[in-house]
Structure formats: C-alpha cells, structure tokens
Amino acid sequence: MTEILAILAASLLLAWPLGLYLARVMRGTPMKVDVLFHWIEKPLYKVLGIDPSRSMSWRGYALAFVLSNVVIAVLTQAVFMTQAWLPLNPDQIPNMRWDTALHTMISFLTNTNQQHYSGQAQLSYFSQMTGITGLQVVTPMMGLALAVATLRALFSHAPTTATAPAAGDERQVAVGNYYADVVRLCVRFMLPLCLLWTLLLTSQGVPSTLAGGPQATPIDASAGMAQQKLPLGPVAAMVAAKQLGANGGGWYGPNSSFPLENPTPVSNMLEVIGILMVPMAVIFMIGAFTGRRRFGALVFSCMLGMSLLSIGATVWSEGHSASAATPLLMEGKEVRFGADATALWAAVTTQVSNGSVSGMHDSLSPLSGGLAMVNMLVSAIWGGIGCGLQQFIVYLLLGVFLAGLMTGRTPELFGRKLETPQVRLLALLVLLQPITLLLFTAITLAVPGLAGTSNPGFHGISQVFYEYVSAYANNGSGFEGLGDATPWWNLSCSLVLLLGRFPLLIIPLVVAAQLAAKRQAPESAGSLQIETPTFALTLVSVIVILTVLQFMPALVLGPIADHLSLGLH
C-alpha cells in the first residue's frame with residue numbers, strides 16, 4: 001500500500017509543474033527555450049507550407065486532423081506490408097499479412113495500440129521505430145490538440161451585442177492552428193519527455209540497440225532447442241513513448257510483464273508513473289490555460305475521486321478479497337511485483353486508456369476484470385491524452401442539460417445556452433458506444449467459429465466484450481487467450497477503433513464551436529453554477545448511471561457471473 005501511495009503522490013507532484021508548462025506552450029507564452037525550439041519548428045512549418053500564426057475554424061481544424069491521419073495511414077500501411085524489403089531488419093522478419101497490417105495501422109493511428117501480433121516476431125526494427133514508435137509520439141499529441149481547440153472554443157469571448165458579426169456563425173470561431181499545435185506539442189513536450197524516460201529506462205536494463213538479438217544455448221537440453229534467439233532492439237524508446245503517450249503497445253508480446261521490457265522494481269515504478277503523469281498534467285493544464293482554475297479543480301476532483309475508488313476496489317479484489325487466494329487465479333499471473341502492484345497497474349492502465357500490462361488481464365479475478373471494463377466504458381477517469389478530456393466534456397454537457405431540466409431552467413454553460421442541435425450531437429455520441437459494442441459482441445458470440453475464445457463459459461463472454469470495449473475506448477489491452485489474429489477480429493476491431501476515436505474527438509469540438517458562436521449572457525444568481533461540489537457529485541452520478549444503465553446486462557453475463565461461478569468451485 002505504501003508503494004501505491006508513493007507512486008500516486010509522485011505522479012501528482014510531477015504532473016502539476018508539467019501541466020503549467022503545457023499551458024504556457026499552448027498559449028504561446030514566450031519562454032527562454034524558444035530559441036532552441038524555433039530552430040527545430042521553423043523548418044517543419046516550411047516543409048508543411050503553413051503559417052503557424054493563422055488560426056482555423058473548427059471545420060478547417062477538423063479537416064486538417066482527418067487529412068493528416070489519412071496521409072499517416074497510407075505511409076504506415078506501406079511500411080508494414082513491405083518491411084521485409086526495407087532496412088533495419090536484422091532478424092529477417094517477413095511482410096505483414098494485409099488484414100493484420102490494416103488493424104495494426106488503425107490501432108496505432110487511433111492511439112489505441114491494440115495488438116493482434118507479437119512485436120518481436122512480426123515487426124522489423126524499422127517498422128517498430130517508424131510505424132509504431134513514431135505514431136506513439138504523434139497520435140496522442142493530435143488528440144491533445146483537438147482537446148485544446150475545444151477548450152479555446154468553450155472559453156472564447158463571443159460577442160454579446162446583436163450587431164456582432166460572428167454571433168450565431170460557428171464558422172467564424174477561431175480555434176487555433178492544427179499543424180502548429182501538433183508541432184509545438186511534439187517538439188516542446190512529448191519528445192523531450194520521451195528522451196528523458198528513455199534514458200531512465202535504459203539505465204534499468206531495458207534494451208536500446210540496433211544490433212540483432214544474440215543466440216543463447218539453453219541450460220536444459222530437454223527443452224528440445226539447441227539454440228534460442230534473444231529478441232532485442234531499440235526497446236527503451238518505444239516503452240517510453242508507449243507509457244507517456246497513453247499508447248500501451250509493447251515491443252514484446254507479453255508487454256511489460258516481460259523482463260526485458262520491465263526488468264526492475266524501479267523500471268516498474270517509472271512505467272506506472274509514466275501512465276499517469278501526462279493525463280494528469282493535461283488536467284492541471286486546464287485551469288492555467290483557460291483562466292478558470294475552479295473549473296480545472298472541478299475536472300480534477302471528479303477524475304481523482306473516480307480514480308481512487310477504482311484503484312481501491314481493484315487492489316482489494318485482486319489481493320485481499322475472499323477469492324484472491326483461489327489457485328485458479330494464479331494461471332498466467334505475474335508474480336515478480338506482487339498482487340498489489342499488478343492490480344495498481346491494471347487499474348491505472350484502463351483508467352488512462354493506456355493498455356499496457358504488467359500481468360495478463362485474462363488472469364485477473366473476475367471482479368478486477370469487470371472493474372477494468374468499467375474504467376474503459378467510462379473512458380474519462382483521466383482517459384487517453386485528449387480523448388479523456390473530450391469524453392469528460394461530453395459528460396459535463398450532459399450533466400448541465402440534465403441539471404437544467406431538473407431545476408426548470410434552460411440549460412446553459414458559461415452563459416451560453418445548450419439547445420437542440422448540441423443535444424442531438426451529444427445523444428449521437430452517447431448512443432454510438434452501446435450500439436457499437438453490444439452489436440459486435442452479439443454477432444461474434446452468435447456466429448460459431450468467430451469468437452476464438454479459450455473459455456466457453458461466462459469468461460468467454462468477458463473475453464469478447466473486453467476486446468471490443470478496449471478497442472472503442474482506445475485502450476488496447478485484452479483478455480489474452482482470445483484467438484484474435486483472424487480476419488474477422490482484425491476487420492471488426494478496425495471499425496470499432498475508428499468509431500471510438502474520430503467522433504469523440506471531433507463532435508465535442510463542433511459543439512464547443514456552436515456554443516462559442518452564441519451571444520454570451522452575463523451570469524446571474526439564476527445561472528447554474530457548475531464549479532461546486534454539488535454539481536461535481538451530480539456529474540459523477542450521471543457518469544455512473546449512464547455506464548450502469550447501458551452495460552449492466554453485459555457486465556452481469558460476463559465478469560459478475562464469472563465471479564459467482566468461481567465461488568461455486
């Protein structure tokens with residue numbers, strides 16, 4: 001328990017100054033390091049052919065986001081399908097099969113890192129360094145750029161007079177320059193952090209080499225292998241990016257439960273802090289960036305409260321409940337760091353939409369696996385970088401709408417009325433999640449041979465549901481034991497990955513721009529005060545009710561029934 005508290009405290013202490021720095025970066029505040037960063041950024045702006053001082057409307061911003069993703073998608077798909085003929089392939093890895101390459105490309109493009117392959121055996125060093133690690137740096141910053149643009153729109157100072165030309169026209173609301181935002185975030189924020197974390201992980205023994213893996217002779221001749229090839233590579237850089245960017249995809253198939261990817265207790269601590277630090281920093285950024293520190297405190301307090309509740313329940317379920325000592329739960333369980341550390345990692349990696357693991361989630365107790373699913377279904381307990389804040393804004397707007405209905409007032413946020421067009425867009429997002437997840441889960445379980453589950457009982461339902469929940473939540477972890485390297489799983493998860501990423505990032509930006517275009521009424525005693533403990537409790541209740549009402553049947557048929565059946569044995 002002391003270790004858990006120390007990791008949480010260290011994450012908070014590091015995230016606070018990092019969040020303040022992030023706010024200065026996104027506000028464009030002059031800093032002493034500008035000389036160095038301008039030397040890097042100006043050539044990039046020239047190559048892209050953009051003027052970083054030119055702001056965009058939400059339409060231009062969203063279009064630039066989509067187009068940049070399309071270009072990256074084409075290049076990454078080409079790398080995966082031609083890696084056998086490209087350099088930096090000392091282990092002679094063949095080209096990826098087209099459907100696996102497509103799923104892998106979409107998975108890393110959407111900052112999900114769901115892996116239907118084993119990295120050390122199916123990707124060359126070149127593919128890992130460009131198509132994997134490169135996207136792990138860029139895609140989380142794309143998501144954060146969309147979240148920052150949404151904050152700019154929400155807190156913009158719209159005209160308050162009837163003669164204002166911009167009133168009612170969201171196309172005239174400036175939300176920043178997409179390309180400048182992404183370049184600044186990558187160059188000034190993500191890359192320096194990754195460099196620091198790479199050096200720290202390398203010091204702990206995480207491999208960092210371009211040489212091919214050595215050959216070793218097994219001590220036990222009865223193993224049937226004359227020699228064993230040890231897979232190495234520039235692992236430390238990828239691990240740093242996967243943790244700091246809420247990515248989660250590992251160099252090795254077993255991810256951070258593999259000793260080369262997570263060799264020591266210190267590396268384990270660094271990797272868990274890496275999961276939490278940047279998403280927390282994004283929340284600390286809100287108050288300094290918007291100038292409304294009470295609003296930032298509202299977001300932080302809601303997320304922290306849900307996080308602590310989830311961590312406490314997972315640690316209890318995994319290490320201290322009546323079923324924790326059941327021998328059946330020890331299959332596939334990581335024992336190097338103990339039950340509490342494994343439970344902490346499982347809780348925070350699903351809260352943050354990171355998806356990396358230090359123990360197989362398929363081997364968690366049923367209730368721990370259920371809690372991991374709930375974390376991903378909420379997707380706003382810290383959440384992914386950018387995506388988590390966007391999801392929280394959706395819950396916030398829904399909370400304002402419901403609170404307005406309960407108090408008999410027209411719902412409004414910061415003096416701007418929330419009306420039918422905005423509520424329709426929010427309803428679309430709310431309904432898209434259960435329709436997508438439950439439909440694909442039902443089809444996969446109903447058609448014989450599609451699921452590929454290793455357990456025909458309630459746990460098999462959990463395996464299938466978890467895979468789609470993880471894809472939609474941009475998380476990427478899985479109940480391994482599922483035969484997911486098939487065309488059905490690759491193609492169906494690819495669609496779920498796209499549905500869980502792009503609408504969630506773009507629709508809140510549209511709603512915020514529509515609100516920003518409205519005339520802002522001065523706040524009065526009759527205005528709904530959202531920066532209060534009462535509204536915070538209301539907001540958390542809305543989140544819980546939405547999750548429970550939509551997914552309780554799936555949770556009952558999966559992890560809850562699995563837990564009850566385990567008690568019978």
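At least one donor-acceptor pair closer than 3.5 Å links the side chain of Asn255 to the backbone N or O of Gly248. Looking only at distances, no side-chain donor or acceptor of Arg501 sits under 3.5 Å from a matching main-chain atom of Asn111. Between the side chain of Arg24 and the backbone N or O of Thr29, no donor-acceptor pair lies under 3.5 Å. Proximity of a side-chain donor or acceptor of Gln390 to a complementary backbone N or O of Leu505 within less than 3.5 Å is detected. Within the 3.5 Å criterion, the main-chain N or O of Asn490 finds no donor-acceptor partner in the side chain of Asp99. Using a distance-only test at 3.5 Å, with no hydrogens or angles considered, no donor-acceptor pair links the side chain of Thr349 to the main chain of Asn354. Side-chain atoms of Tyr395 come within 3.5 Å of backbone N or O of Val378 as a donor-acceptor pair. A side-chain donor-acceptor contact under 3.5 Å links Asn177 to the backbone of Arg54. Looking only at distances, no side-chain donor or acceptor of Ser477 sits under 3.5 Å from a matching main-chain atom of Gly355. Within the 3.5 Å criterion, the main-chain N or O of Ala145 finds no donor-acceptor partner in the side chain of Asp181.
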Working for side chain to side chain contact (heavy atoms under 4.5 Å, CB included), residues Ile311 and Leu344: CA-CA 6 Å; Ile311 290 171; Leu344 172 65; 4.0 Å; yes
List the steps, then state whether ring-ring contact (aromatic ring centres under 6.0 Å, His included) holds for Phe155 with Phe289. CA-CA 10 Å; Phe155 293 93; Phe289 180 74; 8.6 Å; no
Let me see the working for Phe80 and Thr100 under side chain to side chain contact (heavy atoms under 4.5 Å, CB included), right down to the final yes or no. CA-CA 9 Å; Phe80 291 156; Thr100 304; over 6 Å; no
Can Leu44 and Val187 be said to form a side chain to side chain contact (heavy atoms under 4.5 Å, CB included), step by step? CA-CA 10 Å; Leu44 292 175; Val187 172; 4.1 Å; yes
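More than 12 heavy atoms of other residues, nucleotides or ligands shown are found within 6.0 angstrom of CZ on Arg27.
Using a 4.5 Å cut-off on side-chain heavy atoms (C-beta onward), Val282 and Leu144 make contact. By the 4.5 Å heavy-atom criterion applied to side chains, Leu109 and Thr76 are not counted as neighbours. Side chains of Val66 and Ile506 form a contact here, defined as non-hydrogen atoms less than 4.5 Å apart. Here the side chains of Gln77 and Leu102 are in contact, with some heavy-atom distance below 4.5 Å. For the pair Phe551 and Val374, the minimum side-chain heavy-atom distance is 4.5 Å or more.
Of the N and O atoms on the side chains of Ser492 and Tyr468, at least one donor lies less than 3.5 Å from an acceptor on the other residue. Checking Thr444 against Trp489 by side-chain atom types alone, no donor-acceptor pair falls below 3.5 Å. In the model, Glu419 has no side-chain atom that pairs as donor or acceptor with a side-chain atom of Gln514 under 3.5 Å.
A perpendicular orientation is assigned to the rings of His361 and Tyr466, their planes being inclined by more than 60° (bins at 30° and 60°). Using bins of under 30°, 30° to 60° and over 60° for the plane-to-plane angle, the ring pair Tyr178/Tyr61 lands in the perpendicular bin.
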Side-chain atoms of residues 424-442: list all donor-acceptor pairs with protein atoms under 3.5 Å, sequence neighbours left out, distances to 0.1 Å.
unit_1, atom_1, unit_2, atom_2, d
Gln433, NE2, Leu377, O, 3.1
Thr436, OG1, Leu432, O, 2.8
Thr441, OG1, Leu437, O, 2.7

Please list, one pair per line, the donor and acceptor atoms closer than 3.5 Å that link side chains of residues 296-308 to other protein atoms, with sequence neighbours excluded.
unit_1, atom_1, unit_2, atom_2, d
Ser301, OG, Ala297, O, 2.9
Ser301, OG, Leu298, O, 3.0
Ser307, OG, Gln351, OE1, 2.7
Ser307, OG, Trp382, NE1, 3.1

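Distance check: Asp51 CG to Tyr45 OH gives 10.0 Å after rounding to the nearest 0.5 Å.
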